[in-house]
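Down below is the structure, laid out as structure tokens.
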Amino acid sequence: MAGDGTAPPGPKAERTGGTTGGGVFAPVRRAGQLLPEGLLAEGSTGSRAHPLFRMFVRWVRRPLLPALRLWRRNIQLRVVAATLLLSLTVVLVLGVVVFGQVRNGLLEAKQQAAQSQAAGGFAVARELADNAAAAGGTDAESGRNVLNAGAWLTQLVQQLASGGQGVYSVVALSSDDQTLPFSADENSNTRGPRASGDVKPEESVTPELRRELDASPDTHQQYGEIVRAQGDREPALIIGKRLNDVNGNPYQLYYLFPFTPEEKSLTLVKGTLATAGIFLVALLGAIAWLVVRQVVTPVRMAAGISERLAAGRLQERMKVTGEDDIARLGESFNKMAQSLQLKIQQLEELSRMQRRFVSDVSHELRTPLTTVRMAADVIHEARDSFDPVTARSAELLLGQLDRFESLLAELLEISRFDAGAAALEAVPTDLREVVHRVVEGAEPLADAKGTRVTVLGAEEPVVAEADGRRVERVLRNLVVNAIEHGEGRDVVVRLAEGDHAVAIAVRDYGVGLKPGEAQRVFNRFWRADPARARTTGGTGLGLSIAVEDARLHGGWLQAWGEPGGGSQFRLTLPRAAGEVLRGSPIPLEPADSRRRSAGTRAPSSGGPPSARPALPAGARPQGTGGRRGEG
């Protein structure tokens, strides 16, 4: 039954109880998850996690629960989030691809332009050296040009760099590994480094590239860095070639092409892609939100109207606009609501007529029943003067009249429940007194059946705000049923209380209940064996009235049973009238059930092994059927 829960017995319910005829009842404490009231949820098991760890998990989960709840309940949020995530992924992939292509294109264009510019510069340097050598004088003894090679080299670097201000730099270095010191007159030093602008030539050109040029007269290139006089560094493409000066001495000429313009272009492209990507993702998110809103809004409206219809506001309808699929859905929903309203109104009218019929018939039957009762009493008192057959008929007539009066009274009570006219007169009540009155009233039946009734947990008061008359009626029905269907075995009535609830359980060891019968046992006129006529026993309305009495208190009336293992009915009531129940201090499945007995043969951490009450010699629970629902 929904809302079922159990809890460890309180101080009063933890006592071992009494021993009657050798019967010992020992409640078994179950490990379980504590509810806020100190109760245990039915069937729960204790957690072995460390309390600090559980506290940490709760502390971490607490701020996330609202977001998770919103994520689970809002389909529009999930669709928009999924759209944004997929759009962001596509934009990132597309941005990486486009950025890579642009970077490769700029690098390739830079390399081609640099190679072309450097090749032209090398050709110009070679032509200038040849022209200067042809126009200069020759030393008669050595046969060498007497031109100033240092001044020519300085002039060459300045001339080559003049056409590429900010685009490239020119550096001239010696072509061997011997580094001569700078002369005070730079023009007289043919081996001194020359460079355009503020470039540091020896720091900008790596020794590896210089060795490559010394080893081969071909053009070589390398990616490196331009080092400025202020210490700044910028990436560059360096292209060099070994040439001869005006005197025929080898030197190394380098073109340094910085990547600063390309880096600015890439930064611009990157910013453009990022801005466009953010705008595109936001636009797609807005589009998804608008599109989903058009679909979700009618669905939410339908859900809200469905909730109001379920609450009884049958006149609610959806607003229909247009002729699209959503409009057709709204029209279909309104037609369904209209049909449901008509059917419910018909059923309500039929139910009112049925309740009125039952109430009227029950009241109208009281007058003839009173007359028949008086006549039956007269006949029954004079039965000694009749022959045996007539005397027996008089006894049967009186017995059936008693049963008919009980059925009529219960029909009237059921009609009051159906009409909502039942009133609860809750006052502080000690349930021990109610239990004792019920047990005393059932003693004649128990003696006739050979059944022993034992009460446990009655050592201290068990007080709750309840209607004593209704609780007594419920318990009388449960105890009488347990005695009638217990096959002469023991019946145990257990009381317990928790912080916010009290409970009374009636346990028998008779034929029990088959699977699924614990839910149907409270149905009106239900029988475990439909083929058997109801010629003996109760009216078939006792448990139905009992469960209505429990609901009127805001409590539970629940059943458990197993074939051949008996059954247990548990009544749970709130200690204070109007309080919501969240658990029960008595387990619905008793500790001495067959399943638990099999699982507690060896001591475990859940508590001591369950003890079963001692039964009369030779009396063993057996049988395969159940007869509940006839009380």
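Numbering starts at 1 and runs along the sequence shown.
- Rounded to the nearest 0.5 angstrom, Gln341 CD and Glu348 CD are separated by 9.5 Å.
- Residues Ser393 and Phe386 fail the side-chain proximity criterion, which asks for heavy atoms closer than 4.5 Å.
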Report the C-alpha separation of Arg432 and Leu495 in whole Å, then their side-chain angles, then the decisive distance to 0.1 Å, and conclude whether the side-chain contact (heavy atoms from CB on, under 4.5 Å) test is met. CA-CA 8 Å; Arg432 297 182 305 167; Leu495 293 90; 4.2 Å; yes

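- Using a 4.0 Å cut-off between charged side-chain N and carboxylate O, Glu548 and Arg551 make a salt bridge.
- The closest donor-acceptor contact from the side chain of Ser339 to the backbone of Lys335 lies at 3.5 Å or more, if one exists at all.
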With side-chain contact (heavy atoms from CB on, under 4.5 Å) as the test, would you mind laying out the steps for Val471 and Asp549 before giving the verdict? CA-CA 7 Å; Val471 174; Asp549 283 329; over 6 Å; no

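- Checked against side-chain hydrogen bond (donor to acceptor under 3.5 Å, both in side chains), Gln345 has no partners two or more places apart in sequence or in another chain.
- A pairwise comparison of heavy atoms in His436 and Ala458 identifies NE2-CB, 4.4 Å as the closest pair.
- Distance alone, capped at 3.5 Å, is enough to place a donor-acceptor pair between the Ser544 side chain and the Phe522 backbone.
- Around atom CD of Glu349, more than 12 heavy atoms belonging to other residues, nucleotides or ligands sit under 6.0 Å away.
- Rounding to the nearest 0.5 Å places CD1 of Ile504 at 7.0 Å from CG of Leu573.
- With rounding to the nearest 0.5 Å, the separation of CD in Glu562 from CD in Glu589 is 7.0 Å.
- Side-chain atoms of His485 never come within 3.5 Å of backbone atoms of Val511 as a donor-acceptor pair (strictly under, hydrogens ignored).
- The shortest non-hydrogen separation linking Gly488 to Thr451 is CA-OG1, 3.5 Å.
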For Arg507 and Val493, what are the C-alpha separation, side-chain angles and deciding distance, and is it a side-chain contact (heavy atoms from CB on, under 4.5 Å)? CA-CA 6 Å; Arg507 173 79 161 105; Val493 181; over 6 Å; no

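- Counting heavy-atom neighbours within 6.0 Å of Phe56 CZ, excluding the residue itself, gives a total of 12 or less.
- Without hydrogens or angle criteria, Arg575 side chain to Gly498 main chain gives a donor-acceptor distance under 3.5 Å.
- Taking CG of Asn481 as the reference point, atom CZ of Arg476 lies at 12.5 Å (rounded to 0.5 Å).
- Asp377 places a side-chain heavy atom less than 4.5 Å from the side chain of Arg373.
- Scanning both residues, Val453 and Ala446, for their nearest heavy atoms gives CG2-CB, 4.2 Å.
- Under a 3.5 Å cut-off, the side chain of Asp508 and the backbone N or O of Val491 do not form any donor-acceptor pair.
- Counting heavy atoms of neighbouring residues, nucleotides and ligands inside a 6.0 Å radius, atom CD1 of Ile75 does not exceed 12 of them.
- Looking at Asp467, its side chain never comes within 3.5 Å of a backbone N or O of Ala426 through a donor-acceptor pair.
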Verdict with supporting geometry, Glu395 and Arg383, side-chain contact (heavy atoms from CB on, under 4.5 Å): CA-CA 8 Å; Glu395 293 177 356; Arg383 69 183 182 281; 3.5 Å; yes

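- The line from CD of Gln568 to CZ of Arg494 is 7.0 Å long, rounded to the nearest 0.5 Å.
- Looking at Pro587 and Trp560, their side chains never come closer than 4.5 Å, going by heavy atoms from C-beta outward.
- Between atom CZ of residue Arg570 and atom CD1 of residue Ile586 there is a gap of 8.0 Å, rounded to the nearest 0.5 Å.
- Arg469 places none of its side-chain heavy atoms less than 4.5 Å from the side chain of Glu472.
- Comment: Glu440 does not engage Arg437 in a salt bridge, judged by the lack of any side-chain N to carboxylate O separation of less than 4.0 angstrom.
- Across every non-hydrogen atom of Gly457 and Val462, the tightest pair is O-CG2, 4.1 Å.
- A distance-only check finds no donor-acceptor pair linking the side chain of Thr572 to the backbone of Trp556 [under 3.5 Å].
- Between Phe569 and Leu543, the shortest heavy-atom distance links the atoms CE2-CD1, 4.2 Å.
- Side-chain N or O atoms of Glu316 include none that pairs as donor or acceptor with a backbone N or O of Ile305 at under 3.5 Å.
- Listed here is the closest heavy atom pair of Leu309 and Arg313: CD2-O, 3.3 Å.
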